[in-house]
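Here is the structure we will look at.
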Amino acid sequence: MASYEFRRIEKEWQRRWAEEGTFRALNKSEQPKYYVLDMFPYPSGAGLHVGHPLGYIASDIISRYKRHQDFNVLHPMGWDAFGLPAEQYAIQTGQHPAITTEENIRRYREQMDNIGFSFDWSREVKTSDPSYYRWTQWIFIQLFNSWYNINTNKAEPIDKLVAEFEHAGNANVRAACEENGIFSAEDWKGYTEKQQSDILLNYRLAFLSEAMVNWCPALGTVLANDEVKDGVSERGGYPVERKLMTQWSLRISAYSERLLHGLDTIDWSDSIKEAQRNWIGKSEGTSLHFKLKDHKGSIEVFTTRPDTVFGVSFLTLAPEHELVDQLATDEYKEAVSAYVTMAKNRSERDRMADIKNISGQFTGAYAIHPFTGNPIPIWIGDYVLAGYGTGAVMAVPGHDSRDYDFARHFNLPILEVVSGGDLSVASYDAKEGELVNSDFLNGLDVKSAISKAISEIEKRGLGTGKTNYRLRNAVFGRQRYWGEPIPVYYENGIPKCMELQDLPLVLPEVDKYLPTETGEPPLARAKNWTYKGFPLENTTMPGWAGSSWYYVRYMDPGNEENIASQEAIRYWRDVDLYIGGTEHATGHLLYARFWCKFLYDIGKIPFDEPFRKLVNQGMIQGQSCLIYRVNNTNKFVSSGLRNQYETTPIHVDVKLVSGNEVNLEQLKQWRPEFDDAEYELENGKLICGTEIGKMSKRWHNVVNPDNICNDYGADTLRLYEMFLGPLQDAKPWSTQGIEGVLRFLRKLWRLFHNNPDETFYLSDEEPTKAELKTLHKTIKKATEDIDNFSFNTSVSAFMVCVNELQDARCNKRAILEPLVVIISPYAPHIAEELWKLCGHNQSIEREPWPVFKAEYLVENEFFYPVSFNGKVRFNKNFALDMEPIEIEKQVLSDEQTQKYLEGKTPKKVIVVKGRIINVVA
RNA sequence: GCCCAGGUGGUGGAAUCGGUAGACACGCAGGACUUAAAAUCCUGUGGCCGCAAGGCUGUGCGGGUUCAAGUCCCGCCCUGGGUACCA
């Protein structure tokens, strides 16, 4: 048996691993734990493409490496199984989304098994399984039954709050909540049950409220902010509108500060942390009240630049601001109401597209400047957002570019209060310069002016220092079928949670997966959708509910009493390494952190950050193939000829292309429109153009890993994906180069089969110094590289090693056995097979990682490059322990030195031990 | 606009602390073995000049620091990703 039969070997070992449960992790162990997690996939109908395994291969290498280092490794996989595509498919075909999802999962599993991952499949979870979502519903009920106490800075039971209300009203309560009036204990006791329920909803962490939401008519549902990109839905790209609706939401804003601070304690990339910081959007400033002229009351604004208060030349209110109606004078009433109507009817996308067009309307009313007493005109403008701060701004056109544009457009005064800019050209927004035209602030720099202004504002009772966050509460209800039912029923209109022992609330059967005639969500179609005789909630949870806590469930997936047992949670704790894409930066990764902190608050888990280290793998892009159709004809021309015509590029399936030549016969069979078309070729070939982009069905550029496994083997696929480049970088898929990796594995195989008849043979001879050096420098490099996630360079280190051993004709056990161990995390199948051939009965999986010994790398000589003014001219051997002064002497007396000195006298000689010699002349 | 990455041969990419730029691999060219193919092996391969020895040049562009710069500093340009009237 000579050749490297990867198909046989890989199938055989995949079967053995499954049979022997090689990768099963125990919840009790004397070994230290290591938890390696992949972002679990949504099993889509398209199956895995070669981009998906990239992160899984990296996490698998780490898992296997840690097992070699005697860690008890938890490396699970599961399915984010609720989601829109399966439901859209159900709407079209009537097939239950559970069936579609099941089929897709089976396909994904098969594809993953082909690659030889070391997942512990006994811990598989599926978010759409009632035994799983029972606990998602359980967490929702805990959120409903909790409020956020700012005094203790954590979530607490709502019962405690009710007790406080009964005892002393809400005067002493500091909570993350909606605006509430002050009420006494007597007031509280006098409220009806409905009134009490409404007030408590303002405090609960899962709450029902009427709010502006992102409504997507095409999907028939609301969306969270992170599910809307550029004014259209992230899934499907459908337009999104603003709409006032009663909705379930989660009070993530209560955790803004902790979510922000937690970032400093975790090992994530700067770009993801930065994205989360921006999304949370903390800004510190002050509130300031402007009294109204000829009116009672005042307008409160929020500003981060109280130093510029003397530069205020008008106020701007959001069109939705509550005072807009009252303020408009008779003269302006009509114009104001027309403007407000116009602003409200604009969709999110129109508004964004229209960003450069400045619009606004004067109300006719004036406020009074709190320091100068001057009248300040009050305007409405849609550049002011109702949802942020107070929905009103003090406009300082001199030092805020948006106010500047608005002032320019409506010809309002622009005052300079910070020197340093040229206000005839642009506003001067920088926070440096000296205050001018500003009464008691004159002469101060911006920083001191800010503190002076705040203390003055507070002293005069005009406002207080204040912190705002951009982070909005997360809309939690979806008007869709394929999601977790929200375990809430309505007793006489009052929302109540189901009893915990009655969970799970299982998704009911419906006749169609569409809204009802009256516009109710699909669940309203279910028969007897009631609890204790009362109607149940009709919306379901969003896609991110199940994924916000799945890492906990893996620790103890079968538990029926709890989200996971305390023993399991205390042993496994947080995730040591989390690998996944950057697309979840402000969605999943923020929600999971939020739920983690909440579970921590209620004492369910002993850590408050879920993912200690996060590594983002780059996207593997697809290479699309384009052919060119001459406009208004059925004629296609080869890429090189396309400039002679007006053409339109058409995407064709990458399977029809080899190199850059399109297989015409296959093309004609692929789609009927190509069969009877005319072709103009180059040298008898139809050459296609290429384009790099996302791998997707739509562009016909999807490459299935199954084909690669079949043609080259799983080990080759694994090594090749790692060899492509740094894990974090985006890179287009191309099979150019995959041959080199297969060649490398064959060479490795041949080292063990070096008998004349090419059978297995290893020698027990003592290795030479050179062989030991080769081995140990590879151990060193491979270990350092794995620790740095530099997988591409360790693959090349293996190649160098095998090349050197081949040149040395090395077939010694003492060298080759440790080599197999360090290669095994990357290419586990061939490693297991060689290990077995070496005479071992146990899987290589638990074999200790070889220990690097520096003594084998010690050299006593170094072949120094000798440079003159930085240019290397020749090399010369010197002992490493030779004194620099002696090296200098020998270099200067070398005959070649005279040649390169070109008659100049050397000024000095720099000798860097073991590196370089530089002669300065 | 703002924030974050990044820019190195024909291609993917290497290069600890500033110390021989281009490791490893692909591709290409030439050769060996073979009836042939596959497989395998050997040699060469940044550019320019040269038969060669050798020389010059070279890490997006322009400056600077240094004995020495892909690496550090200043100013630009370009590409990818995120985000956007957040006061």
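Reminder, nothing fancy here: chain letters follow the sequence lines and each chain counts from 1. Quick note: numbers below take in every heavy atom, side chains included, and nothing from hydrogens, waters or symmetry partners.
- Between C4(B) and U11(B), the distance separating the two C1' atoms is 27 Å to the nearest Å.
- Remark: aromatic rings of Tyr712(A) and Tyr720(A) are distant, center separation not under 6.0 Å.
- Within a 6.0 Å sphere centred on NZ of Lys777(A), heavy atoms belonging to other residues, nucleotides or ligands number more than 12.
- The same atom, P, is picked in G19(B) and in A69(B); the two are 11 Å apart, to the nearest Å.
- Nearest nucleotide to the side chain of Arg470(A), out of U83(B), G82(B), U20(B): U83(B).
- No side-chain donor-acceptor contact under 3.5 Å links Thr390(A) and Glu300(A).
- C42(B) adopts an anti glycosidic conformation, its chi angle falling more than 90° from 0.
- For U40(B), the paired base is A32(B) (Watson-Crick or G-U wobble, both distances below 3.5 Å).
- Residue Val384(A) is classed as a base contact, given a heavy-atom separation below 4.0 Å to a base.
- Side-chain proximity of Pro726(A) to the nucleotides C4(B), C42(B), G13(B) is greatest for G13(B).
- One finds the CG atom of Asp715(A) at 8.5 Å from the CD1 atom of Ile9(A) (value rounded to the nearest 0.5 Å).
- Residue Val920(A) is classed as a sugar-phosphate contact, given heavy-atom separations below 4.0 Å to backbone atoms only.
- For the OP1/OP2 pair of U20(B) and a distance below 4.0 Å, the side-chain nitrogens and oxygens of Tyr864(A) include no atom meeting the criterion.
- In this entry the distance linking CZ of Phe874(A) with C1' of U20(B) reads 13 Å, nearest Å.
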Protein and nucleotides 53-58 of chain B: nitrogen or oxygen contacts under 3.5 angstrom:
unit_1: G55(B); atom_1: OP1; unit_2: Tyr900(A); atom_2: OH; d: 3.4
unit_1: C56(B); atom_1: OP2; unit_2: Arg873(A); atom_2: NH1; d: 3.2
unit_1: U57(B); atom_1: OP2; unit_2: Lys871(A); atom_2: NZ; d: 3.1

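- To the nearest 0.5 Å, atom CZ of residue Phe744(A) and atom OG1 of residue Thr716(A) are 9.5 Å apart.
- Per the geometry, CD1 belonging to Ile380(A) stands 20 Å off P belonging to C85(B), to the nearest Å.
- Taken from CZ in Arg718(A) to CG in Leu54(A), the straight-line distance is 12.0 Å, to the nearest 0.5 Å.
- For the pair Lys876(A) and Asp894(A), the salt-bridge criterion is met [side-chain N within less than 4.0 Å of a carboxylate O].
- Contact annotation: Arg746(A) reaches the phosphate of U40(B) (side-chain N/O to OP1 or OP2, under 4.0 Å).
- Distance noted for atom C1' between G58(B) and G7(B): 16 Å (whole Å).
- When each of Lys781(A) and Lys282(A) is assigned the nucleotide of RNA chain B with its nearest heavy atom, Lys781(A) is the one assigned upstream, toward the 5' end.
- Comparing the P positions of U16(B) and C72(B) gives an interatomic distance of 11 Å, to the nearest angstrom.
- For Glu322(A), the CD atom sits in a loose shell: 12 or fewer heavy atoms of surrounding residues, nucleotides or ligands are nearer than 6.0 Å.
- Comparing the P positions of A15(B) and U20(B) gives a spacing of 13 Å, expressed to the nearest Å.
- The gap from the P atom of G70(B) to that of U65(B) amounts to 16 Å, rounded to the nearest Å.
- Between Tyr900(A) and Phe868(A), the ring planes lie tilted relative to each other; the angle falls in the 30° to 60° range.
- Both distances falling under 3.5 Å, in either a Watson-Crick or a G-U wobble arrangement, place G27(B) opposite U45(B).
- Of the listed nucleotides (C67(B), C41(B), U83(B)), C41(B) has the atom at the smallest distance from the side chain of Gln806(A).
- Across all strands shown, Val872(A) has heavy atoms under 4.0 Å from sugar-phosphate atoms exclusively, and none from any base.
- Atom NZ of Lys731(A) sits in a crowded spot, with more than 12 heavy atoms from other residues, nucleotides or ligands closer than 6.0 Å.
- One P atom belongs to A53(B), the other to A68(B), and the distance between them is 30 Å to the nearest Å.
- G6(B): Watson-Crick or G-U partner is C78(B), with both key distances under 3.5 Å.
- Of the nucleotides present, none pairs with A84(B) by Watson-Crick or G-U wobble criteria with both distances under 3.5 Å.
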Could you pull out the protein-nucleic contacts involving nucleotides 23-33 of chain B (nitrogen or oxygen on both sides, under 3.5 Å)?
unit_1: A25(B); atom_1: OP1; unit_2: Asn803(A); atom_2: ND2; d: 3.0
unit_1: C26(B); atom_1: OP1; unit_2: Arg743(A); atom_2: NH1; d: 2.5
unit_1: C26(B); atom_1: O2'; unit_2: Gly737(A); atom_2: N; d: 3.4

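- Of the P atoms belonging to U45(B) and U83(B), the separation is 48 Å, rounded to the nearest Å.
- Side-chain contact annotation: Asp785(A) with Thr793(A), donor-acceptor N/O pair under 3.5 Å present.
- As a whole-Å value, the separation of Leu751(A) CG from U40(B) P is 14 Å.
- With a 3.5 Å ceiling on both atom-pair distances, A21(B) lacks any Watson-Crick or G-U wobble partner.
- With respect to the salt-bridge test (charged N to carboxylate O, under 4.0 angstrom), the residues Glu888(A) and Lys908(A) do not qualify.
- Taking side-chain N and O atoms only, Ser283(A) has a distance below 4.0 Å to OP1 or OP2 of A87(B).
- Between C3(B), U83(B), A68(B), one nucleotide has an atom nearer to the side chain of Asn918(A) than all others, and that is A68(B).
- Between Asp807(A) and Ser790(A), the residue anchored nearer the 5' end of RNA chain B, judged by the nucleotide with its closest heavy atom, is Ser790(A).
- Nucleotide A68(B) forms a pair with no other nucleotide shown, judged by Watson-Crick or G-U wobble geometry with both contacts under 3.5 Å.
- The interatomic distance linking Lys907(A) (NZ) with C67(B) (P) rounds to 10 Å, in whole Å.
- Here G58(B) sits opposite no nucleotide as a Watson-Crick or G-U wobble pair (both hydrogen-bonding atom distances under 3.5 Å).
- Side-chain proximity of Ser271(A) to A87(B), C41(B), C4(B): nearest is C4(B).
- Taking every side-chain heavy atom of Ile910(A) into account, C67(B) is the closest of C67(B), U83(B), C41(B).
- G10(B) shows a glycosidic angle more than 90° from 0 and is accordingly assigned anti.
- When the nucleotides G19(B), C85(B), U83(B) are ranked by their closest atom to the side chain of Arg915(A), G19(B) comes out on top.
- Trp268(A) places its CH2 atom 18 Å from the P atom of G82(B), with the value rounded to the nearest Å.
- Between the CG atom of Leu462(A) and the NE2 atom of His289(A) there is a distance of 8.5 Å, given to the nearest 0.5 Å.
- If you check every strand for non-hydrogen atoms under 4.0 Å, Arg750(A) touches sugar and phosphate atoms only.
- Atom CG of Asp729(A) is separated from atom C1' of C4(B) by 14 Å (rounded to the nearest Å).
- Between Phe410(A) and Phe406(A), the angle of the ring planes lies from 30° to 60°, which puts this pair in the tilted group.
- Between the P atom of G19(B) and the CG atom of Asn875(A) lies a distance of 17 Å, rounded to the nearest Å.
- Atom CD of Glu300(A) and atom C1' of A87(B) are 13 Å apart (whole Å).
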